[in-house]
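See below for the structure under consideration.
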Number of protein chains: 2
Amino acid sequence: MKIGALAKAAHTPIETIRYYERVGLLSGAARSQGNYRIYDETHLERLSFIRHCRGLDMTLDEIRALLRFKDSPHENCAEVDELIDAHIGHVAVRIKELKNLERQLKALRLACGEARESGRCGILTELSAAARDERAARPVKPGHVHGAHHPL
Amino acid sequence: MKIGALAKAAHTPIETIRYYERVGLLSGAARSQGNYRIYDETHLERLSFIRHCRGLDMTLDEIRALLRFKDSPHENCAEVDELIDAHIGHVAVRIKELKNLERQLKALRLACGEARESGRCGILTELSAAARDERAARPVKPGHVHGAHHPL
DNA sequence: GCTTGACTCTGGAGTGGCTACAGGGTTTTC
DNA sequence: GAAAACCCTGTAGCCACTCCAGAGTCAAGC
């Protein structure tokens, strides 16, 4: 199986496959006479595993850790459990943050029910006021779960 | 006010302030004799506005659009309303995705209640099975709100 | 007046996880 | 045997920063 076939089978862009190879997630495949990468079922399985985990929003580092355990089936899997627990934690934190955000944004939206001059737009004046108030108070802390705009 | 003072007042790293200048969000400040950036209250206000909007997970492009309206207070603010509505949409989508994710992860976690050999770890075998099933089915669509791991 | 230390400057590289070329080589199909 | 489809490497770009090196500037203390 050449890279294009693997890409189709795993619903993954070719460039991404080569990228995974470059960063050491998908071991370098055998090469054909013409220097084409040649894959088999085990590669497809591994790539699907990676893509599924990415779909679960794990980082490549987290996935790398999981793959290490998959590759050495006689180690103790306690760390796997920890990793998943930690990841669940990250997701839960992010959900809370986003819900909070949603609340704020909806309140903000109510400040300007109709179109008018920007100078009198409730949203803009609210944002300015909130920024002013904030200045007096707290700094902001980062988490590990992404913001509101995500690629994939 | 020099950049350090502005940074403190707006709870923002110095490098970020220079970055905002570079990308045209914060207009280039006046310079002192020794080429130091000199800021005043209006800069502080604008920077706080930007940081507050970033805290609401808006992209710099979205913020740029808001600033344009702030700068021309006689335009109609209908676009501002649209922008916020769209952003609320993005956040709502992401919340849904993350909740779904959380459900999946929790189910996954139950698959391995205790530590044992990786080869028999319920989590790993579940992930592999899920990846296998997925292969048969759908490709994945991206949204515009970030994943589970975010900086700030 | 001179040193120390805190502050600032520019420019460049690195982060994650891809994505999109450009400029070539190989294989398949007609 | 030519055209189309596929593949290769290497590089640059995306976002929103963050960190660094190496140099210049400024205020305080001795």
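A, B, ... follow the sequence lines: proteins, then strands. Residue 1 opens every chain. Worth knowing before you read on, the calculation uses all heavy atoms, side chains too, and leaves out hydrogens, waters and symmetry mates.
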Requested in this report: Go through the steps for D57(B) and H87(B) under the test side-chain contact (heavy atoms from CB on, under 4.5 Å), then give the verdict.
Outcome: CA-CA 9 Å; D57(B) 250 335; H87(B) 186 54; 4.2 Å; yes

Report summary line: In whole angstroms, the gap separating P of dC18(C) from CE of M58(A) amounts to 14 Å

Report task. Measure from CD on E62(A) to P on dG16(C) and round the result to the nearest Å. Result -> 12 Å

Query - Separation of atom CE in M1(A) from atom P in dC7(D), rounded to whole Å - result: 12 Å

Query raised in the report: Phosphate oxygens OP1/OP2 of dG17(C): is one of them under 4.0 Å from a side-chain N or O of R22(A)?
Result: no

Requested in this report: Return no unless some side-chain N or O of T16(A) is found under 4.0 Å from OP1 or OP2 of dT19(C).
Outcome: yes

Requested in this report: Check whether any side-chain nitrogen or oxygen of R37(B) sits under 4.0 Å from OP1 or OP2 of dT8(C), and answer yes or no.
Outcome: no

Query raised in the report: Phosphate oxygens OP1/OP2 of dG16(C): is one of them under 4.0 Å from a side-chain N or O of Y19(A)?
Result: no

Query raised in the report: What is the distance from CD of E21(A) to C1' of dC8(D), rounded to the nearest Å?
Result: 11 Å

Report summary line: Between Y20(A) and N35(A), whichever has its closest DNA chain C nucleotide further toward 5' is Y20(A)

Query raised in the report: Given that Y39(B) and K2(A) both sit by DNA chain C, which one's nearest nucleotide is further toward the 5' end?
Result: Y39(B)

Report task. Tell me which of G34(B) and D61(B) sits closer to the 5' end of DNA chain D, going by the nucleotide each one is nearest to. Result -> D61(B)

Query - Length of the line joining L25(A):CG and dG16(C):P, which is rounded to integer Å - result: 12 Å

Query raised in the report: Just to confirm, is there a sub-4.0 Å distance from OP1 or OP2 of dT9(D) to any side-chain nitrogen or oxygen of R31(A)?
Result: yes

**Report entry** Close side-chain approach of L127(A) and C53(B), heavy atoms under 4.5 Å
**Finding:** yes

Report task. Give a yes/no answer on whether the side chain of R18(B) brings an N or O atom under 4.0 Å of OP1 or OP2 in dC19(D). Result -> no

Requested in this report: Check whether any side-chain nitrogen or oxygen of R51(B) sits under 4.0 Å from OP1 or OP2 of dA16(D), and answer yes or no.
Outcome: no

Query raised in the report: Looking at F49(A), is K70(A) sitting on its ring face, NZ or CZ under 6.0 Å from the six-membered ring centre and within 45 degrees of the normal?
Result: yes

Query - Residue pair Y20(B) / R51(B), side-chain donor-acceptor N/O under 3.5 Å - result: yes

Query raised in the report: Distance only, no hydrogens: is a donor on one side chain within 3.5 Å (strictly under) of an acceptor on the other, for S72(A) and E75(A)?
Result: yes

Report task. Nearest whole angstrom, please: distance from the P of dA6(C) to the CD1 of I14(B). Result -> 14 Å

Requested in this report: To the nearest Å, give me how far apart CG (L6(B)) and C1' (dC7(C)) are.
Outcome: 15 Å

Query raised in the report: Is there a donor N/O on one and an acceptor N/O on the other, under 3.5 Å, for the side chain of Y36(B) and the base of dC7(C)?
Result: yes

Query raised in the report: Nearest-Å distance, CD (E15(A)) to C1' (dA22(C))?
Result: 13 Å

Query raised in the report: Pick the nucleotide of DNA chain D nearest each of R64(B) and Q33(B); which residue has the one closer to the 5' end?
Result: R64(B)

